[in-house]
Amino acid sequence: MRQETIQVTVNGQIYFKNVEVNMTLLEFLREELHLTGTKQGCNEGECGACTVLVNGKPINSCLMLAVEAHGAQVLTVEGLASEEGTLHPLQEAFLQAGAVQCGFCTPGMLLGAKALLDKYPHPTPAQIRKEMEGHICRCTGYKRIVDAIMLASEKF
């Protein structure tokens, strides 16, 4: 398989890697960088479990090729907390509101919520439901997730 060299910044760290041209960004993050916080869900871009931020925009990493991330800034759930380990306000709010159950969807939800709060610092519940509709959670229902994002917006 043909390979290309990419340069990508992930969670503030610059990487130069040779990748197969058909490798997804999700595979790159999990297999090459060992950042396993990003989850593989449906692999069709429907569930949101693999959401990461690419240049500040939420992207289904299962649908993006790693070579398309060349030159980009990528944020994964591992990059949300501070370097000292202090949780991001969204992570704290998800814990406080009980919005974390099995946790499988949580990394994608957190990054989708970060993009939402970057766009709307003080969203309404309707805006949250609209912006987060590409994320599927089979454990909690969505009320606690909306509550957590509203709570985080007070601290954001």
Side-chain angles (χ1 to χ4, degrees), residues 8-15 23-66 68-69 71-156:
V8 60
T9 303
V10 180
N11 302 332
Q13 185 170 345
I14 299 172
Y15 295 90
M23 174 178 268
T24 66
L25 180 58
L26 173 65
E27 293 167 333
F28 175 74
L29 294 169
R30 291 182 59 85
E31 296 169 17
E32 295 293 322
L33 303 185
H34 307 290
L35 296 171
T36 56
T38 305
K39 303 300 185 215
Q40 181 177 2
C42 67
N43 227 23
E44 296 177 353
E46 297 292 328
C47 72
C50 67
T51 300
V52 297
L53 300 186
V54 176
N55 296 328
K57 299 197 180 314
I59 301 291
N60 292 315
S61 62
C62 71
L63 298 180
M64 182 176 188
L65 295 174
E68 295 176 301
Q73 303 269 336
V74 177
L75 180 67
T76 71
V77 72
E78 289 90 345
L80 268 184
S82 72
E83 289 183 19
E84 299 80 38
T86 303
L87 294 179
H88 187 277
L90 274 163
Q91 292 169 309
E92 289 181 11
F94 268 62
L95 289 172
Q96 192 173 352
V100 178
Q101 292 291 313
C102 80
F104 196 81
C105 69
T106 304
M109 291 265 189
L110 287 168
L111 291 164
K114 182 178 182 327
L116 164 72
L117 292 178
D118 287 343
K119 186 175 178 182
Y120 304 109
H122 302 288
T124 65
Q127 284 174 314
I128 293 171
R129 286 186 186 90
K130 175 71 177 153
E131 293 289 323
M132 297 296 291
E133 67 186 10
H135 296 270
I136 296 173
C137 175
R138 298 180 192 271
C139 299
T140 65
Y142 298 98
K143 182 181 181 329
R144 291 180 182 181
I145 293 164
V146 173
D147 291 347
I149 296 170
M150 292 295 290
L151 181 62
S153 73
E154 297 169 9
K155 301 175 186 175
F156 210 68

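Note that the coordinates shown come from a computational prediction; the quantities given were computed from them, not determined experimentally.
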At what distance, to the nearest 0.5 angstrom, does [atom1] of [X] lie from [atom2] of [Y]?
X	Y	atom1	atom2	answer
Asn43	Thr24	CG	OG1	7.0 Å
Gln127	His122	CD	NE2	11.5 Å
Leu75	Thr9	CG	OG1	12.0 Å
Tyr142	Ile149	OH	CD1	11.5 Å
Leu116	Met132	CG	CE	7.0 Å

Distance-minimising heavy-atom pair for [X] and [Y]:
X	Y	result
Ser153	Leu117	CB-CD2, 3.8 Å
Leu111	Leu53	O-CD2, 3.5 Å
Thr36	Arg30	O-NH1, 2.8 Å
Cys137	Ile145	CB-CD1, 4.1 Å
Pro123	Met150	O-SD, 3.3 Å
Leu63	Gly45	CD1-CA, 3.6 Å

Identify, with sequence neighbours excluded, every residue that meets side chain to side chain donor-acceptor pair (under 3.5 Å) alongside [X].
X	result
Tyr120	none
Glu133	Lys130
Asp118	Lys114
Glu83	none

With [X], which residues qualify under side-chain contact (heavy atoms from CB on, under 4.5 Å), at least two apart?
X	value
Cys50	Leu26, Thr38, Asn60, Ser61, Cys62
Ile59	Val54, Met64
Glu44	Cys42, Glu46
Lys155	Pro89, Glu92, Gln96

Can you pull the salt bridge (charged side-chain N to carboxylate O under 4.0 Å, His left out) pairs that have at least one residue in residues 137-154, sequence neighbours excluded?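 For residues 137-154, and leaving out neighbouring residues, the salt bridge (charged side-chain N to carboxylate O under 4.0 Å, His left out) pairs sorted by first residue read Lys143-Asp147.
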
Salt bridge (charged side-chain N to carboxylate O under 4.0 Å, His left out): pairs with one or both residues in residues 101-110, sequence neighbours excluded: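 Listed once each, the pairs would be none.
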
Any side-chain heavy atom of Phe28 within less than 4.5 Å of one from Leu35?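 When only atoms from C-beta onward are counted, Leu35 and Phe28 do not touch, as no gap falls below 4.5 Å.
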
Short side-chain donor-acceptor distance under 3.5 Å, Glu84 and Thr86: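 Their side chains do not contain a donor-acceptor pair, so the 3.5 Å distance test is not met.
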
Could you give me the CA-CA distance, side-chain angles and deciding distance for Arg129 and Val146, then say whether side-chain contact (heavy atoms from CB on, under 4.5 Å) is met? CA-CA 7 Å; Arg129 286 186 186 90; Val146 173; 4.0 Å; yes

Mind jotting down which residue pairs meet the ring pair (Phe, Tyr, Trp, His ring centres under 6.0 Å) criterion with at least one end in residues 79-111? Sequence neighbours excluded, please.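 Matches after skipping sequence neighbours: His88-Phe156.
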
Does the Gln13 side chain pair with the main chain of Val10, one donor and one acceptor, at a distance under 3.5 Å?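 Pair absent, no side-chain N/O of Gln13 close to backbone of Val10.
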
Pairs satisfying side-chain hydrogen bond (donor to acceptor under 3.5 Å, both in side chains), at least one member in residues 101-111, at least two apart: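 Matches after skipping sequence neighbours: none remain.
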
